[in-house]
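This chain uses plain numbering: 1 for the first residue, then up along the sequence. Numbering of ligands and ligand atoms starts at 1, following listing order.
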Amino acid sequence: MHPMMMLHIVILAATFTAAQCFQLNMTQFYEMPPLYDLDDYDRCLQELSGQRSTYCFVRAEVQPDESVAAWRAIAEISQYDRHHFDHRQLYFGLCLRECEASLAGLNKSELEALEAGLLSDNAKVNVYLDLFSMEANNRQRHQRLTNACLNWRLQRRGFGVLAKSVVEYCDEAGHQVEDDAWNLTFYGILGTLLVLACLGSLVDLHLKRGRHDKMLKERDHYKTPPKSTAQQVLLTFSVARNWYRLNQEPSGKIGRELRFLDCFKFFAMFMVIFAHTNWVIYESAISNPQDPERLLHTAAGTLLVSGSLITVTFFVISGLLLTINWLAVSRSLSSKRDTFSFGQYALLFVKFNIFRYIRLTVPYAFVLLMSGVYFENAGGPLWRHIFEREQLACRRNWWTNLLYINNFVRTDERCLLQGWYLAADTHSFVLSLVLLMLGHRFARWSKQLYAGILGLFVVLPGVLTYAMNYYPIFVPTPQTQKDSFIGDRQFTEFYTSSIMNFGCYFCGVLAALVYDQLALKQYKLRESKGFQFLWFSLIPVGILWLFSAHPIFQHYYVHPSAIWGALYAGLQRNIWGFGLAAFIVGMASKVGWIFRKFCCLPIFRILGRLTYGAFIVHLLVARIVLATVREPIYFGTGMMFAFIFFTVTVSYLCSFLLAIFLELPVSSFLKLMR
Ligand SMILES: *[C@@H]1O[C@H](CO)[C@@H](O)[C@H](O)[C@H]1NC(C)=O
Ligand SMILES: *[C@@H]1O[C@H](CO)[C@@H](O)[C@H](O)[C@H]1NC(C)=O
């Protein structure tokens with residue numbers, strides 16, 4: 001291992017120096033037309049001068065012209081497509097009144113020279129056009145004017161290129177929001193939840209008053225279950241009771257030993273929100289695109305790209321928890337008899353799936369419903385592009401999310417894009433449960449079975465990468481993020497596919513099995529010096545592993561060789577998952593010194609429990625904040641962190657409300673059903 005690591009470090013050092021050599025020629029950069037040109041939205045719609053004023057959001061694509069410096073710059077800079085935006089794609093926010101004024105002095109032949117035609121062959125733009133199909137009328141009416149207008153601007157500013165364009169949508173002053181069936185459903189459900197919460201809380205208060213037991217402290221009242229079933233059902237909605245449930249100490253030995261997972265969940269979620277807020281900033285408008293582009297050429301850029309490994313954390317934890325549950329249930333049943341019949345397995349399988357489905361889906365469905373609600377908003381040129389796109393996609397494709405097939409069905413019109421994780425997790429859950437049952441039924445062969453499955457799902461991603469010619473890592477390029485991952489084959493087939501991620505989930509399953517065996521044999525992992533060393537060395541090795549994508553990502557001109565690429569694709573996530581599994585088993589056996597103490601702090605108990613809610617709601621929050629931008633925003637560290645902290649805070653607050661009013665009632669209701 002030692003010489004291997006040395007070699008790795010040498011390679012890394014060499015590639016760092018190579019990457020730092022990349023210089024963006026800024027003279028050339030400013031020869032290109034800016035990516036965003038947005039007229040003053042509020043002035044356009046508020047300054048009414050007789051006729052109706054209209055503001056159109058237009059997508060344009062610069063047409064090739066080798067004789068012009070601007071085109072040569074675009075071609076040169078956009079060829080680094082993993083690091084740079086596609087500078088052919090321009091956004092225009094045009095106030096039609098101003099367009100008419102600027103074109104008024106031109107005669108017919110001059111106007112014709114400015115028309116470059118309709119942009120119709122850009123598949124990603126067409127997805128938007130299809131979603132905004134109600135704008136077909138505006139699109140036709142304003143096509144010629146907007147195209148001539150934006151080309152006039154490109155000419156006047158001396159870029160010399162022409163662009164084809166298409167209107168995405170137009171806004172007019174005095175737009176009113178009408179409540180339709182979708183909105184009314186949402187308000188109805190919201191009202192019902194509030195009424196139930198009030199009712200539950202009042203009943204709870206009444207019961208507490210009626211209890212003349214001086215010995216009982218206030219909090220004890222909220223922790224004791226009521227007697228009648230009707231009361232029990234009503235009290236699931238009691239706010240005070242749910243607050244105590246949220247705060248509850250983990251019960252049992254396993255619960256206490258795995259307490260640190262809450263901290264893992266919180267920090268992993270922080271990273272996910274970090275990455276996603278960045279993405280939504282890319283989706284809106286940036287005044288200095290050169291800075292994120294330059295950042296991606298550095299080691300920090302590599303970290304951003306391989307940061308997608310964070311998602312693996314959730315797969316591992318999820319596999320672990322499923323297996324622990326399964327072991328507990330199967331043990332308590334088999335203490336009564338030795339073997340299960342096929343019917344018993346089937347019953348358990350259905351039960352596990354139904355309980356999980358209800359627990360996850362009820363809050364998820366509520367957020368889906370919320371994502372489709374039209375409401376009064378501050379608008380802005382990009383509002384509909386960023387936010388209404390989501391509303392329309394959710395109204396069209398909510399069912400793919402509820403069936404958990406959204407990571408392979410209708411992937412161009414994703415509603416709640418982060419939902420791919422839940423789909424992949426569900427598929428992994430079902431498959432793992434089947435495997436655990438097989439392992440239980442054929443206990444003699446279980447070791448071979450598990451080893452075989454792990455091997456298969458490490459090899460499979462590699463083979464698929466080789467056969468389908470995928471890139472060895474998933475690179476969320478600036479342009480991909482700006483296009484909201486539409487039409488990105490690598491994202492859909494490589495990154496979010498369940499097959500590609502199952503290996504990591506299964507590492508979690510194995511971790512739980514190992515942990516269980518250790519507990520049964522009362523083996524003290526903590527007393528093994530070798531394991532201690534291994535555990536602590538996982539931390540630096542993990543950081544190095546993040547950088548292992550550096551040579552591939554920063555390799556500018558040559559495609560990495562197919563065999564090595566496939567090998568890396570098979571290993572990147574799985575080794576991370578495997579290491580994490582070992583890390584978790586270690587920590588559960590009380591290895592970890594102050595890291596473990598820190599992770600067990602009580603604050604993470606609440607934050608960890610709010611993670612799921614924050615996960616399903618955070619993109620909505622980020623979108624609401626960023627969709628109101630009027631002008632391109634400056635992309636800098638301060639600005640970025642301001643947005644990120646805001647999104648994190650609001651997501652956790654929303655998640656808190658969601659937990660108190662919906663998630664916890666549902667989970668305690670399910671407990672009653674058991
Ligand atoms: C930068 O680009 C400009 C314009 O294309 C060119 O004249 C200049 O030589 C370039 N500078 C370098 C250092 O390549
Ligand atoms: C339009 O205007 C341009 C410049 O002002 C002139 O050269 C051209 O002849 C005019 N064309 C017509 C058809 O009037």
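Nearest to atom 3 (C) of ligand 1 among the protein's heavy atoms is Asn25 ND2, 3.6 Å. The protein heavy atom nearest to atom 13 (C) of ligand 2 is Ser109 OG, 4.0 Å.
Atom numbering of ligand 2 starts at 1 in the shown order; those under 4.0 Å from a heavy atom of Asn107 are 1 (C), 2 (O), 3 (C), 8 (C), 10 (C), 11 (N), 12 (C), 14 (O).
For atom 7 (O) of ligand 1, no protein heavy-atom neighbour is found at a distance under 4.0 Å. Protein heavy atoms come within 4.0 Å of atom 11 (N) of ligand 2.
Between Phe615 and Tyr421, the two ring planes are perpendicular [angle over 60°; tilted spans 30° to 60°]. The aromatic rings of Phe270 and Phe266 lie tilted to each other, with the angle between the two planes from 30° to 60°.
Side-chain contact of Glu76 with Asn25: a donor-acceptor pair under 3.5 Å is absent, judged by distance alone. Using modelled atom types, one finds no donor on one side chain facing an acceptor on the other under 3.5 Å when comparing His276 with Gln418.
Partner Gln89 forms a side-chain contact (heavy atoms from CB on, under 4.5 Å) with one of Val62, Asp483, Leu35, Asn122 and no other, that one being Asn122. Partner Tyr495 forms a ring pair (Phe, Tyr, Trp, His ring centres under 6.0 Å) with one of Tyr470, Phe474, Tyr471 and no other, that one being Phe474.
In this structure, Glu31 has a heavy atom closer than 4.0 Å to ligand 1.
Looking at Glu110 against ligand 2, only its side chain comes within 4.0 Å, counting heavy atoms.
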